[in-house]
K.L.:
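The structure's right below; bear with me while I get my questions together.
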Amino acid sequence: MEYNFNEIEQKWQKHWNDAKAYSVSNTSTKPKYYVLDMFPYPSGAGLHVGHPLGYIASDIYSRYKRLKGFNVLHPMGYDAFGLPAEQYAIEHGVHPAVSTDQNIRNFRNQLDKIGFCYDWEREVRTSDPSYHKWTQWIFLQLFNSYFHPTLKKATPIAALVGSFELEGSVQIDGLRAQVSPFTADEWKIFGEKKQQEILMEFRLAFCGYGEVNWCEALGTVLANDEVVNGVSERGGFPVVKKTLRQWYLRITDYADRLLNDLDKLEWSEAMKEMQTNWIGKSTGAEIDFKVKTSTSPLPLSEGEGQGREAATLPLSEGANETSPLPLSEGEGQGRVALAQEKLAAPRYFTSTAEQWKYLEQFAKTNRKNQTEAEAIIWEEVRNRKIDGFKFRRQHPVAGFIPDFTCLEQKLIIEIDGDYHEEIDQKKYDEARSAWLRENDFSMLRFSNDEVLSDLKSVVEKIKLTLASLQGVNAGKSPSPLERGWGEVTLKVYTTRPDTIFGVDFMVIAPEHALVSSITTASQQAEVDSYITYVKSRSERERQAEKKITGAFTGACAINPFDGREIPIWISEYVLAGYGTGAIMAVPCGDERDFKFANYFNIPITNILGDAFNGTEPNPTKDAILHNSGFLNGMVLRDAIDVVVTKLEEMGIGKRKINFRMRDAAFSRQRYWGEPFPIVWKNGIAYPLPESELPLTLPKVDSYSPGPDGEGPLANIPEWVNQYTSKSPSLSERGWGEVEGGQLETNTMPGYAGSSWYFLRYMDPHNSEAFASKQATDYWNQVDLYIGGTEHAVGHLLYSRMWTKALHDLGHLSFDEPFRRLLNQGMITGSSRFVYRYQLINTSVTSEADIFVSFGLDEKVRSGKIPTEGIAFMINELIPNYCNLDTLKKRNATFLVSKIHVDVNLVDGVELDIEAFKKWRNGEYAHAEFILEDGKYICGVETEKMSKSKFNTVNPDDLVAKFGADTFRMYEMFLGPIEQSKPWDTKGIEGVHRFLKKLWRLFFDELKGKQWNEQEPTAAELKILHRTIKKIEDDTERFSFNTAVSAFMVCVNDLADVKCHKSAILEPVLILLAPYAPHIAEELWHALGNTTLVIDAPFPVFEAKHVVESAKDYPVSINGKVRTNITIGLDVEQAGVETIVLNNDVVKKWLEGKDPKKIVFVKNRMINIVL
RNA sequence: GCCCAGAUGGCGGAAUUGGUAGACGCAGCAGACUCAAAAUCUGCCGUUCGCAAGGAUGUGCAGGUUCGAUUCCUGUUCUGGGCACCA
């Protein structure tokens, strides 16, 4: 009987399927074990040999755990939403659902052939409505939650609303820069829109404006981890920064927990490192520096803190005399006069002289050109008409000109025209609001429409607001001078407050809000042109060429400790999005700052003494501080805390932790993804009620994007407007608020469905919940997760966040999804090349392509064979191909093209010429070959496996040729699972020979049945038990390659002793079952068993069978092994010494000398030291 | 630039805690069986000197610790991966 793997494998695959052999129950008395693969995106290309590596490893481990008595969950599914299917739809007009289904069928077909033990009844597809219903449901949980600042966990948003109603923003004060503090009473009069806007700042899934990675070619936004080197991960298209309305996940709130909980996980250090870097926690301080523009008339004097105080005093005559900065000639006189005049008028002066000068003209113009709505309001509020409060119109406040201002109550009224909806204007408005809020102003906003259509309620609202502010601002002076408003402060973030005396300049991002207000007249042109330059540069250019660029604003900041003036620069190396968008530059300690200072000739202060040599910066924390005022003599490391404490005392700085990680962009302008269960009405996002889920995708004809960066769904009004009216009436069902609203037209990104799929496997058919609590409690965390490293910062981080949020909200009892993570290495392809030679500069007589064998080509390239040499060889092949004389005269050369050739046409390195000629529909049918030793040898290079490089190997072919068992074992035998290694089909025959050899222990080709029931000998038992131990250990530590080799050793040994005893062979089959399940099953049944081998108990290792009574000790002299001596294991040091010293070989090497020492390690070795 | 991982025969790799470096497999060489091939079996297989016995040398490179180092330490080169103006 021969080993007929095809027949055996088909037979058992069918049997397992029919018997539901791998069906798993959610109730069991056995302990549970959950083994998970990263589910595949079903691409059209199908599987290549690299894909199943991880699946085989997890399959072996699952089967092993089942043999060891565990109830093992080992499911598989498909990450079925995604961009490629949609791209394919655009190009070929096939609906993504159709092509995805087709691809899945193809994948399944390929997977089935390898003989995996998946419980296919638990299959999930993220694009199934019954699945994405729960993706949408989880989204709603995130939408309806916020991160509680002290509990540090997701909490229903209702709790936040309750706290706002009860005590205003007290609890969350200072947590969200975008939201100004408010009282409970204020909250109540805000109105729904304003309330919802505030709540949106807290929701874990939220919608907002932000700079996003926009990919024009893909027509969508991408998350940070989907952008690589300024181009899209998929397709490599350019990506630009664009401000758009987008959905986000507030993953930054979880940054600390995501970082700290890494400790709980059994992941590789490299993986943890990657997540740690991505989260990018840094500990430092924010420091406020006072800024003075070079023309400022404010007397900013030396000495700490005095500047602030000085500004709060009413300015006396001669204030300008104390100004440390001489005003420029000419214009100076007039300005000083103006400044003095304004400064002397305290009550309503709300801008610096500099600002006033610029704004005055605008204000005057604005007053003359009021809009209709503004005119109406002005009539209502002027002359203290409302409860005696004085309003001013177009009154400059700091750098802004609000429409109407009541300084007494610090209330500002804005009437917005349509242009306020534009993005840039919005940003500007936000910056202004932020500043005003910080300075205790309240704001009321009305649209033109509101004023024109319902003046009454507008006035009523103004009255109410003024009343509610009564007392709020009591004791707070509206006077700018008493508050020191004339000052501008620059907030910087630094991790090195200890170096504050070494600050030689400040750098702020070109986009920084302060740039326009601090730039001096003389520097304006330079700053403007620099900003133009920065805007002209794409993200890619910015990353590619890191030139030192920048511009001086003309303004200076003041060092709070020594009063030094520090010039403020702008430069693109400072990022607006990180920290405060401003840094204090310490060139003696920081590489970039040092280069910048050198480039722009900014003098460098040395605070490091000898530790700074003037030619390169030293970032040390261990030097002694010099030139650092009260810090002199202190070690930098220790000074950090001292400085921050001092800053805090002075009220101009505080400790601050920053994260590099940003909130995750969560919307895509695409069709093939989960629709958001959100209805927009009057600019408010209403969640769809759970009863409406799943919200499914409409059928569409076109996948082209909608208007204004919206997705294709925006083109389908029937779908978008399906909630304008619905029967039975929406209000009857208790959610009338969405009536008349429009559905969100973005869809969710690919990582939405994959962030929780491991939970659905636990209870895949549940229609009441994403999974029952009973199921998630039972299966709990994934015990072993196997997949590639490419998901290190995407999927793995999002899954962790979703799990934590679901845990916080009481839906899960665990807060980390994957307890143990194993990263399989990439299988690289081994590409083969042929070398095509084309003569240029001379005529040839044949059109045939000429291919030169690798070895000859090398000699040509190294100059060992001249051009004429090759031409001569071609002429031998094709008579009169070219004229050698003309060739020489014209100095003709060959154009050599290195062409990828399909690895499947190459045996090792030798090209199958006939197959090559038929390749690609006979493209090279007429090719001619210059051979070496009668063969055409191909060039070899290791590259990533990909279709375009023709280096993919299809597992189907190998399974057909060698069987699934051989294929599985060979993939494992290639090397350590975590290491990346090149694929080489050639070695598979060795593994196949091993299985055939195993087969021959049971069956003889001629005689048939070989096994017997004889008692095993001690030697045979030793072989068996050594193998049990080795397989068990190796499987436990995922050392599958060495386990395969142990099987080979075992079978070789058994064959050597001609062992055909079932008492030995049967346990070996159980050991082998996880690795080669089909052959193990077949032989197991051949031995007479009727149950499945997978249900057999794992053999128990018994040490007594492997104990030795003696050891063949290596004996070294001075560390060099000279001989081996067999000595009983019970012999101790003294006995060993006697035996060794009497040995002839040892005596020879001792040359009569006495050994200094004899090192004896029992069961290891003996070393004689001379 | 920063961080991490790695470097062992012609090739993939093994050596689990410092204890005989090269298990197992591929490729190669020699032989057996065969008319022949396939399949199977046996032997050899790091480099080098030597007829041999045996010796020298050898885990990227240079040092160190140790009776003993592929393994630990310091420095260095190269390869792969991650991050990349994150203050």
Side-chain angles (χ1 to χ4, degrees), chain A residues 2 228-229 268-278 280-282 284 492-496 499 507 542-543 546 548 571-575 577-586 589-593 595-596 619 658-662 789-790 792-793 825-826 828 830 908-909 940 942 969-970 973-976 978-991 993-994 996-997 1000 1005 1030 1033-1034 1036-1037 1039 1041-1049 1052 1055 1112-1124 1155-1161 1163-1170:
Chain A
E2 221 182 311
V228 181
N229 293 328
S268 69
E269 285 310 311
M271 209 60 165
K272 290 185 182 182
E273 183 85 19
M274 269 189 239
Q275 291 217 341
T276 305
N277 285 342
W278 187 262
K281 182 174 181 169
S282 82
V492 306
Y493 175 70
T494 181
T495 54
R496 299 294 302 276
T499 61
V507 189
R542 204 166 153 163
Q543 283 186 15
K546 276 167 199 157
I548 300 170
S571 174
E572 61 177 348
Y573 85 86
V574 173
L575 307 176
Y578 183 79
T580 61
I583 63 159
M584 54 179 233
V586 183
D590 183 276
E591 181 73 38
R592 289 157 311 171
D593 297 345
K595 283 185 180 156
F596 194 90
N658 265 322
F659 294 97
R660 189 183 314 197
M661 183 170 66
R662 306 292 144 84
T789 51
E790 66 271 23
V793 290
M826 192 174 51
T828 45
S830 185
V909 290
V940 178
T942 301
M969 290 195 91
Y970 182 56
F973 189 57
L974 280 176
E978 297 195 73
Q979 200 171 299
S980 87
K981 55 234 161 212
W983 178 266
D984 174 20
T985 303
K986 214 134 194 173
I988 196 168
E989 284 169 35
V991 176
R993 276 197 273 269
F994 149 72
K996 285 198 285 190
K997 194 166 183 178
R1000 283 198 303 274
E1005 246 175 85
K1030 180 80 175 143
D1033 286 355
D1034 285 357
E1036 286 286 358
R1037 62 189 181 100
S1039 182
N1041 58 326
T1042 53
V1044 173
S1045 122
F1047 279 121
M1048 292 174 169
V1049 171
N1052 288 345
D1112 193 23
Y1113 282 97
V1115 180
S1116 10
I1117 286 134
N1118 279 341
K1120 284 193 175 123
V1121 181
R1122 296 302 177 187
T1123 186
N1124 282 3
K1156 269 188 209 143
K1157 184 170 152 192
I1158 297 177
V1159 182
F1160 168 63
V1161 182
N1163 208 9
R1164 288 285 184 203
M1165 43 56 71
I1166 298 158
N1167 189 19
I1168 300 163
V1169 188
L1170 290 181

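Each chain gets a letter, A, B and so on, in the order its sequence line appears, and its residues count up from 1.
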K.L.:
Could you give the CG-to-C1' distance, from A/Asp590 to B/C2, as a whole number of Å?
P.N.:
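After rounding, the reported distance stands at 13 Å.
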K.L.:
From the options B/G55, B/C24, B/G13, select the nucleotide whose nearest atom is closest to the side chain of A/Ser1045.
P.N.:
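Of the options given, the side chain of A/Ser1045 lies nearest B/C24.
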K.L.:
Taking the P atom of each, how far is B/G58 from B/U70, in whole Å?
P.N.:
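10 Å, rounded to whole Å.
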K.L.:
Output one letter per nucleotide in nucleotides 63-68 of chain B: B when a protein non-hydrogen atom lies under 4.0 Å from the base, S when only the sugar-phosphate is that close, - when neither is.
P.N.:
----BS
K.L.:
Provide the Watson-Crick or G-U wobble partner of B/G10, both distances under 3.5 Å; none if there is no partner.
P.N.:
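Partner of B/G10: B/C26.
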K.L.:
Going by heavy atoms in the side chains, are A/Val1115 and A/Val1121 under 4.5 Å from each other?
P.N.:
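No, side chains not in contact.
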K.L.:
Can you work out whether A/Ile988 or A/Pro982 has the more 5'-proximal nearest nucleotide on RNA chain B?
P.N.:
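It is A/Pro982, whose closest nucleotide lies nearer the 5' terminus.
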K.L.:
Tell me which nucleotide among B/C24, B/A87, B/U20 gets nearest to the side chain of A/Met1048.
P.N.:
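For the A/Met1048 side chain, the nearest candidate turns out to be B/C24.
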K.L.:
B/A87, OP1 or OP2 - any side-chain N/O from A/Ser282 closer than 4.0 Å?
P.N.:
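Looking at the OP1 and OP2 atoms of B/A87, one of them is under 4.0 Å from a side-chain N or O of A/Ser282.
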K.L.:
Let's see if you can work this out: which of B/C24, B/U16, B/C85 has an atom nearest to the side-chain heavy atoms of A/Arg1037?
P.N.:
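Nearest nucleotide to the side chain: B/U16.
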K.L.:
Got A/Thr1123 and A/Tyr1113 here, is their nearest side-chain heavy-atom distance under 4.5 Å?
P.N.:
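Heavy-atom side-chain distance check fails, nothing below 4.5 Å.
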K.L.:
Tell me: CD of A/Glu273 to P of B/C3, nearest whole Å?
P.N.:
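Rounded to whole Å, this separation is 10 Å.
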K.L.:
From the list B/G12, B/A14, B/A87, which nucleotide is the closest neighbour of the side chain of A/Thr1042?
P.N.:
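Output: B/A14.
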K.L.:
B/C26, OP1 or OP2 - any side-chain N/O from A/Arg993 closer than 4.0 Å?
P.N.:
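So the side chain of A/Arg993 is within the cut-off, an N or O lying under 4.0 Å from OP1 or OP2 of B/C26.
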K.L.:
Both distances under 3.5 Å, Watson-Crick or G-U wobble: report the partner of B/A5, or none.
P.N.:
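B/U79 - that is the nucleotide pairing with B/A5, both distances being under 3.5 Å.
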K.L.:
Determine the Euclidean distance between corresponding P atoms of B/C49 and B/G13; express it in Å to zero decimal places.
P.N.:
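Roughly 30 Å separates the two P atoms.
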K.L.:
I'd like the P distance from B/C29 over to B/U47, given in whole Å.
P.N.:
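Their P atoms lie roughly 15 Å apart.
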K.L.:
Just wondering, are more than 12 heavy atoms of other shown residues or ligands nearer than 6.0 Å to NZ in A/Lys981?
P.N.:
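Yes - once you tally the heavy atoms of other residues, nucleotides and ligands closer than 6.0 Å, there are more than 12.
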K.L.:
What integer distance in Å separates A/Lys981:NZ from B/G25:P?
P.N.:
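Those two atoms, NZ and P, are 19 Å apart.
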K.L.:
Find out whether A/Glu1036 and A/Asp1034 are in side-chain contact, i.e. whether some heavy atom of one side chain is under 4.5 Å from a heavy atom of the other.
P.N.:
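Side chain of A/Glu1036 against side chain of A/Asp1034, heavy atoms only: no contact under 4.5 Å found.
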K.L.:
How is A/Lys1030 classified with respect to the nucleic acid when contacts are heavy atoms under 4.0 Å: base, sugar-phosphate, or nothing?
P.N.:
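Result for A/Lys1030 = base.
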K.L.:
If the P atom of B/U34 is compared with that of B/G22, how far apart are they to the nearest Å?
P.N.:
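So the two P atoms sit 37 Å from each other.
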K.L.:
Using a 4.0 Å heavy-atom cut-off across all strands, classify A/Arg1000 as base, sugar-phosphate, or nothing.
P.N.:
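Sugar-phosphate, no base atom in range.
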K.L.:
If we only count heavy atoms from C-beta on, is the A/Phe596 to A/Asp590 side-chain gap below 4.5 Å?
P.N.:
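The answer is no; the side chains never approach within 4.5 Å.
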K.L.:
When rounded to the nearest Å, what value does the distance between P atoms of B/G19 and B/U71 take?
P.N.:
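Comparing P positions in B/G19 and B/U71 gives a spacing of 11 Å.
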K.L.:
Do A/Ile1168 and A/Lys1157 touch side chain to side chain, with heavy atoms closer than 4.5 Å?
P.N.:
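The answer is no, as the side chains (C-beta and beyond) never meet within the 4.5 Å cut-off.
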K.L.:
In whole angstrom, give the distance that lies between atom CG of A/Asn277 and atom P of B/C3.
P.N.:
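Value for this atom pair: 10 Å.
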K.L.:
How would you label the glycosidic angle of B/G9: syn (within 90° of 0) or anti?
P.N.:
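Syn for B/G9; the angle stays within 90° of 0.
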K.L.:
Can you tell me, in whole Å, how much space there is between the C1' of B/U77 and that of B/G60?
P.N.:
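Straight-line distance between the two C1' atoms is 8 Å.
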K.L.:
What interatomic distance, in whole Å, is found between P of B/A38 and the corresponding atom of B/U20?
P.N.:
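Straight-line distance between the two P atoms is 40 Å.
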K.L.:
Under 4.0 Å, heavy atoms only, any strand: does A/Val1049 hit a base, just the sugar-phosphate, or nothing?
P.N.:
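Sugar-phosphate, no base atom in range.
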K.L.:
Atom CD of A/Glu269 and atom C1' of B/G82: how far apart are they, to the nearest Å?
P.N.:
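After rounding, the gap between these two atoms is 15 Å.
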K.L.:
Check whether any side-chain nitrogen or oxygen of A/Asn1041 sits under 4.0 Å from OP1 or OP2 of B/A14, and answer yes or no.
P.N.:
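Yes, because at least one side-chain N or O of A/Asn1041 sits under 4.0 Å from OP1 or OP2 of B/A14.
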K.L.:
Apply the test side-chain contact (heavy atoms from CB on, under 4.5 Å) to residues A/Gln979 and A/Leu974: give CA-CA distance (whole Å), side-chain angles for both, the deciding distance (0.1 Å), then the verdict.
P.N.:
CA-CA 10 Å; A/Gln979 200 171 299; A/Leu974 280 176; over 6 Å; no
K.L.:
Contact class for A/Arg662 vs. all strands (heavy atom < 4.0 Å): base, sugar-phosphate, or nothing?
P.N.:
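Since a base atom lies under 4.0 Å of A/Arg662, the category is base.
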K.L.:
Is the closest side-chain heavy-atom distance between A/Trp278 and A/Arg660 below 4.5 Å?
P.N.:
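A/Trp278 does not reach A/Arg660 side chain to side chain.
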K.L.:
In whole Å, I'd like the distance from the CG atom of A/Asp984 to the P atom of B/G10.
P.N.:
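Taking CG of A/Asp984 and P of B/G10, I get 17 Å after rounding.
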K.L.:
Less than 4.0 angstrom between a side-chain N/O of A/Gln979 and OP1 or OP2 of B/A5, yes or no?
P.N.:
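No, outside the criterion.
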K.L.:
Report the base-pairing partner of B/A32 (Watson-Crick or G-U wobble, both distances below 3.5 angstrom), or none.
P.N.:
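Paired with B/U40.
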K.L.:
Assign each of A/Thr789 and A/Tyr493 to its nearest nucleotide of RNA chain B by heavy atoms, then name whichever residue's nucleotide is nearer the 5' end.
P.N.:
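The residue mapped nearer the 5' terminus is A/Thr789.
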K.L.:
Between A/Tyr970 and A/Trp983 (judged by ring centroids, cut-off 6.0 Å), do the two rings come close enough to count as a pair?
P.N.:
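Judged by ring-centre distance (under 6.0 Å), A/Tyr970 and A/Trp983 do meet the cut-off.
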K.L.:
Name the pairing partner of B/U71, where a pair is Watson-Crick or G-U wobble with both distances under 3.5 Å, or state none.
P.N.:
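Check on B/U71: unpaired, no WC or wobble geometry under 3.5 Å.
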K.L.:
Distance between the C1' atoms of B/U59 and B/A14, in whole angstroms?
P.N.:
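After rounding to an integer number of Å, I get 12 Å for this pair.
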K.L.:
Can you figure out which of B/A14, B/U40, B/C3 approaches the side chain of A/Lys996 most closely?
P.N.:
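My answer, after comparing the listed nucleotides, is B/U40.
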K.L.:
Counting only side-chain nitrogens and oxygens, does A/Arg660 get under 4.0 Å of the OP1 or OP2 atom of B/C85?
P.N.:
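Negative; the distance criterion is not met.
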K.L.:
Cut-off 3.5 Å, side chains only: do A/Ser1039 and A/Thr1042 have a donor facing an acceptor?
P.N.:
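Yes, a side-chain donor-acceptor pair sits under 3.5 Å.
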K.L.:
At less than 4.0 Å, is any side-chain N or O atom of A/Lys1120 found next to OP1 or OP2 of B/U57? Yes or no.
P.N.:
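Checking B/U57 against A/Lys1120, a side-chain N or O does come within under 4.0 Å of OP1 or OP2.
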K.L.:
Can you tell me how far P of B/C41 sits from CZ of A/Phe994, to the nearest Å?
P.N.:
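So the CZ-P distance, A/Phe994 to B/C41, works out to 13 Å.
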K.L.:
In whole angstrom, give the distance that lies between atom CD of A/Glu978 and atom P of B/A14.
P.N.:
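It works out to 12 Å between those atoms.
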K.L.:
Quick check: do A/Asn1041 and A/Pro976 have side-chain heavy atoms less than 4.5 Å from each other?
P.N.:
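SC-SC contact between A/Asn1041 and A/Pro976 confirmed.
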K.L.:
Determine the contact category for A/Lys997: base if any of its heavy atoms lies under 4.0 Å from a base atom, sugar-phosphate if only primed atoms, P, OP1 or OP2 are that close, otherwise nothing.
P.N.:
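It contacts sugar-phosphate atoms only.
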K.L.:
Would you mind classifying the nucleic acid contact of A/Asn1052 as base, sugar-phosphate or nothing, using non-hydrogen atoms under 4.0 angstrom?
P.N.:
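Sugar-phosphate only.
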